[in-house]
Amino acid sequence: MLRNKCVVCGNSYDKSFTITMGGMSYEFDSFECAIHKLAPECSNCQMRIIGHGVESDGRIFCGAHCARVKGSVDLTDRVDHIGIAQDH
Ligand SMILES: [Zn+2]
Ligand SMILES: [Zn+2]
């Protein structure tokens with residue numbers, strides 16, 4: 001029985017869940033595996049982006065700070081307006 005098999009680690013788990021992204025569905029047994037598979041990497045610090053990232057010139061960053069480090073000026077976090085910006 002290979003139902004509910006995690007696409008990352010191969011673990012079969014009855015409480016697994018499915019995430020659909022870009023028209024593809026993936027089965028995971030944990031959020032750790034889901035993040036490993038689907039979360040984009042910051043183009044500056046390589047951190048997995050699990051919150052609101054920022055995109056610039058086709059690259060994605062964990063926050064406006066990293067985007068700025070890579071030369072993308074005039075960029076602010078999308079979450080600025082609700083007051084939880086990561087930029088310091
Ligand atoms: Zn897994
Ligand atoms: Zn970063």
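Just so you know, residue 1 is the first one in the sequence shown, and it goes up from there. Order of appearance sets the numbers: ligands from 1, and atoms from 1 within every ligand.
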**Complete:** Taken by chain and residue number, the protein N/O/S atoms under 2.8 Å from the Zn ion (ligand 2) read C42 SG, C45 SG, C62 SG, C66 SG
**Asked** How close do S43 and F61 get, heavy atom to heavy atom, and via which atoms?
**Response** CB-CE2, 3.5 Å
**Request:** Determine the minimum heavy-atom distance between S25 and T20, stating which atoms define it.
**Result:** OG-OG1, 3.0 Å
**Message:** Please list all pairs meeting ring-ring contact (aromatic ring centres under 6.0 Å, His included) that have one or both residues in residues 18-50, counting only residues at least two apart or in different chains.
**Reply:** F17-F31
**Item:** R48 and E41 ion-paired at < 4.0 Å
**Value:** yes
**Message:** How long is the straight-line distance from CD1 of I19 back to NZ of K37, given to the nearest 0.5 Å?
**Reply:** 12.0 Å
**Asked** Does D29 bring an N, O or S atom to under 2.8 Å of the Zn ion (ligand 1)?
**Response** yes
**Verify same cluster id: M21, V8 (apolar side-chain graph, 4.5 Å)** = yes
